[in-house]
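Below is one structure, written out as structure tokens; the observations come after it.
None of the values given here were measured: they were computed from a predicted structure.
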Amino acid sequence: MSILGTVMKTIIASREREAQRYVARVLAGMDDTTLASLGKSREGLKKGPF
């Protein structure tokens with residue numbers, strides 16, 4: 001793989017991790033009723049990716 005390809009993969013992976021952190025913060029701020037309406041649980045969020 002070229003250097004440019006490696007750089008692009010690194011940038012994309014970094015942005016994906018940033019988006020996951022953002023979504024995790026938003027979901028963590030929701031109450032249990034709202035999470036349930038989305039089909040999520042607080043325990044499920046603690047286990048890992050949504």
Side-chain angles (χ1 to χ4, degrees):
M1 179 172 284
S2 70
I3 292 173
L4 182 58
T6 303
V7 169
M8 287 304 298
K9 283 181 99 174
T10 303
I11 290 171
I12 291 169
S14 173
R15 295 289 294 179
E16 182 179 1
R17 288 189 304 272
E18 180 183 5
Q20 288 175 348
R21 287 190 304 269
Y22 176 81
V23 171
R25 282 192 308 265
V26 170
L27 290 176
M30 293 181 175
D31 62 6
D32 291 334
T33 305
T34 305
L35 287 174
S37 72
L38 296 172
K40 305 288 182 189
S41 69
R42 193 150 314 273
E43 293 80 30
L45 294 176
K46 291 178 184 176
K47 291 180 181 177
F50 5 89

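Note on Y22 and L45: same hydrophobic cluster, where clusters join Ile, Leu, Val, Met, Phe, Trp and Tyr whose side-chain heavy atoms are under 4.5 Å apart, directly or indirectly.
Under the rule for a salt bridge (Lys or Arg N to Asp or Glu O under 4.0 Å), E43 has no partner lying at least two apart in sequence or in another chain. Taking R17 as the reference, nothing meets the salt bridge (Lys or Arg N to Asp or Glu O under 4.0 Å) condition, with sequence neighbours excluded.
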In residues 26-39, what donor-acceptor pairs under 3.5 Å come from side-chain atoms, sequence neighbours left out?
{"unit_1": "D31", "atom_1": "OD1", "unit_2": "T34", "atom_2": "N", "d": "2.9"}
{"unit_1": "D31", "atom_1": "OD1", "unit_2": "T34", "atom_2": "OG1", "d": "2.5"}
{"unit_1": "D32", "atom_1": "OD1", "unit_2": "R42", "atom_2": "NE", "d": "3.0"}
{"unit_1": "D32", "atom_1": "OD1", "unit_2": "R42", "atom_2": "NH2", "d": "3.2"}
{"unit_1": "S37", "atom_1": "OG", "unit_2": "T34", "atom_2": "O", "d": "2.6"}

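Taking OG from S2 and CE from M8, the interatomic distance works out to 10.5 Å, rounded to the nearest 0.5 Å.
Distance alone, capped at 3.5 Å, places no donor-acceptor pair between the S14 side chain and the T10 backbone.
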